[in-house]
Amino acid sequence: MTANRRGWWNTGLGLVFTALMLFPVYWMINVSFTRDQDMRKSPPYWFPVNGTLEGYRAVFDQQGPYLITSLIVGIGTVALTLAISAPAAYSLAKLRPRGGGVLSFVLLIAQMIPGVIMAMGFYAIYLSTGVLNTAPGLIVADSTLAVPFAVLIFTTFMSGIPEELMHAARVDGAGALRTFWSVVLPVSRNAIITVSLFTFLWAWSDFIFASTLDGGGGHQPITLGIYHYIGNNNQQWNAIMATAVVASIPATVLLVIAQRYVSAGVTAGAVKD
């Protein structure tokens with residue numbers, strides 16, 4: 001097989017696998033335009049022949065508060081995660097405190113704890129402190145999943161910052177805090193964007209913490225808004241899929257915009273930026 005034919009064969013396989021992976025997305029969009037009476041048609045419509053916008057009307061009429069809450073929780077989780085993880089990673093990467101290796105290992109182990117176990121622990125704490133069914137409670141809970149990952153990403157990235165930059169800052173009279181703020185953070189732009197993106201996506205798509213810690217609150221995220229469409233005797237599938245489509249838009253836009261920064265933040269160091 002020639003190199004040219006092999007290239008076309010690889011391209012064809014790539015297109016097939018891509019189509020298989022994207023098919024659920026296509027079906028979600030298709031169902032969001034399908035009428036309720038056509039849901040159980042056999043064989044099903046592969047295209048919304050008698051399309052309807054009822055699902056999207058339900059989204060804009062009923063899901064607005066849920067979307068706003070998810071946005072608040074997502075941005076709050078990103079802010080809290082960056083505020084904790086960036087200084088912690090700077091300390092581990094450049095200040096090298098005693099027990100830093102043990103702490104890094106503990107952070108790695110922390111990522112293996114199932115979210116449902118953490119949710120039960122948070123529920124007991126929030127119940128006694130009055131934080132249950134609040135957006136700040138969700139922000140803190142979601143941050144516990146993001147901070148260990150963020151510290152590891154920041155530590156790896158900041159370890160690659162040349163010591164010459166740090167030495168030059170010290171020669172200019174900058175202390176550890178000033179060096180972190182004026183030198184390390186600007187150089188770590190790609191890592192900041194990477195951590196922010198993944199943290200926002202985790203908070204945006206969270207269901208375990210939302211259903212456990214905010215199931216009875218007046219301000220619930222969009223994952224619970226979708227869940228409310230599912231009842232014992234009624235499943236509004238076009239509304240469910242329409243809400244899922246709308247909820248996927250922010251994540252898709254962020255992924256497209258931040259793609260090159262994420263790639264650089266995960267694989268490159270400051271010298272290669």
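- Side-chain atoms of Gln63 come within 3.5 Å of backbone N or O of Gly225 as a donor-acceptor pair.
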Identify each donor-acceptor pair in which a side-chain atom of residues 141-149 lies under 3.5 Å from a protein atom, sequence neighbours left out, and give them as a table.
residue: Ser143; atom: OG; partner: Ile139; partner atom: O; Å: 2.7
residue: Thr144; atom: OG1; partner: Ala141; partner atom: O; Å: 2.4

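- Pairing each heavy atom of Leu201 with each of Ala251, the nearest pair is CD2-CB, 3.4 Å.
- Looking only at side-chain heavy atoms (C-beta outward), Val184 and Ile161 come within less than 4.5 Å of each other.
- Met241 and Ile226 end up in the same hydrophobic cluster when Ile, Leu, Val, Met, Phe, Trp and Tyr side chains are linked at under 4.5 Å.
- Note that OG1 of Thr77 and CG of Leu138 are 8.0 Å apart. Values are rounded to the nearest 0.5 Å.
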- In sequence, state the C-alpha distance, the side-chain angles, and the governing distance for Ser248 and Met28, and then conclude on side-chain contact (heavy atoms from CB on, under 4.5 Å). CA-CA 11 Å; Ser248 301; Met28 176 179 69; 4.1 Å; yes
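- Here the shortest heavy-atom pairing between Trp204 and Thr223 reads O-CG2, 3.8 Å.
- No side-chain heavy atom of Tyr90 sits under 4.5 Å from any side-chain heavy atom of Phe154.
- Between atom CD of residue Glu54 and atom OG1 of residue Thr34 there is a gap of 13.0 Å, rounded to the nearest 0.5 Å.
- Within the 4.5 Å cutoff, no side-chain heavy atoms of Pro221 are placed close to those of Asp206.
- In this structure, Val59 and Ala239 approach most closely via the heavy-atom pair CG2-O, 4.3 Å.
- For Met166 against Thr179, the heavy-atom pair with the smallest separation is CE-CG2, 3.5 Å.
- Interatomic distance, CG of Leu92 versus OG1 of Thr155, reported as 4.5 Å (0.5 Å rounding).
- Of all non-hydrogen atoms in Phe33 and Leu53, the two that sit nearest each other are CE2-CD2, 3.5 Å.
- Under a hydrophobic clustering in which Ile, Leu, Val, Met, Phe, Trp and Tyr are joined whenever their side-chain heavy atoms come within less than 4.5 Å, directly or via other members, Ile72 and Trp202 fall into different clusters.
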- Query: Should Thr212 and Phe209 be marked as a side-chain contact (heavy atoms from CB on, under 4.5 Å) after you check the CA-CA gap, both sets of side-chain angles, and the distance that decides it?
  - Reply: CA-CA 5 Å; Thr212 305; Phe209 285 147; 5.8 Å; no
- Show your reasoning for whether side-chain contact (heavy atoms from CB on, under 4.5 Å) applies to Leu152 and Ser85. CA-CA 9 Å; Leu152 294 176; Ser85 61; over 6 Å; no
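- Between Thr69 and Ile222 the shortest side-chain heavy-atom distance does not fall below 4.5 Å.
- At least one side-chain heavy atom of Val131 sits less than 4.5 Å from a side-chain heavy atom of Thr134.
- Interatomic distance, Leu132 CG to Leu213 CG, rounded to the nearest 0.5 Å: 6.5 Å.
- When atom types are taken as modelled, the side chain of Ser32 and the backbone of Asn238 share no donor-acceptor pair closer than 3.5 angstrom.
- Note: the hydrophobic cluster containing Leu197 does not contain Val151 (ILVMFWY, side chain heavy atoms under 4.5 Å, direct or indirect links).
- Residues Val73 and Leu67 fall into different hydrophobic clusters, defined by Ile, Leu, Val, Met, Phe, Trp and Tyr side chains chained together at heavy-atom separations under 4.5 Å.
- For Ala191 against Phe157, the heavy-atom pair with the smallest separation is CB-CG, 3.8 Å.
- Listed for the Ser211 side chain is a donor-acceptor partner under 3.5 Å among the backbone atoms of Ile208.
- The main-chain N or O of Pro87 is never found under 3.5 Å from a side-chain atom of Ser91 such that the two would form a donor-acceptor pair.
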- Item | Chi angles and distances behind the side-chain contact (heavy atoms from CB on, under 4.5 Å) call for Phe200, Leu71 | CA-CA 9 Å; Phe200 182 85; Leu71 187 62; 4.2 Å; yes
- salt bridge (charged side-chain N to carboxylate O under 4.0 Å, His left out) evaluation trace for Lys94 with Glu163: CA-CA 9 Å; Lys94 293 302 181 183; Glu163 290 297 330; 3.1 Å; yes
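- Going from atom NE2 of His219 over to atom CD1 of Ile68 covers 10.0 Å, rounded to the nearest 0.5 Å.
- Put simply, the side chain of Met158 reaches to within 4.5 Å of the side chain of Ser188, judged on heavy atoms.
- With hydrophobic clusters built from ILVMFWY side chains whose heavy atoms lie under 4.5 angstrom apart, Tyr126 does not share a cluster with Phe207.
- Although no hydrogens or angles enter the test, the distance criterion places a donor-acceptor pair under 3.5 Å between the side chain of Ser128 and the main chain of Ile125.
- For Phe23, the CZ atom sits in a packed shell: over 12 heavy atoms of surrounding residues, nucleotides or ligands are nearer than 6.0 Å.
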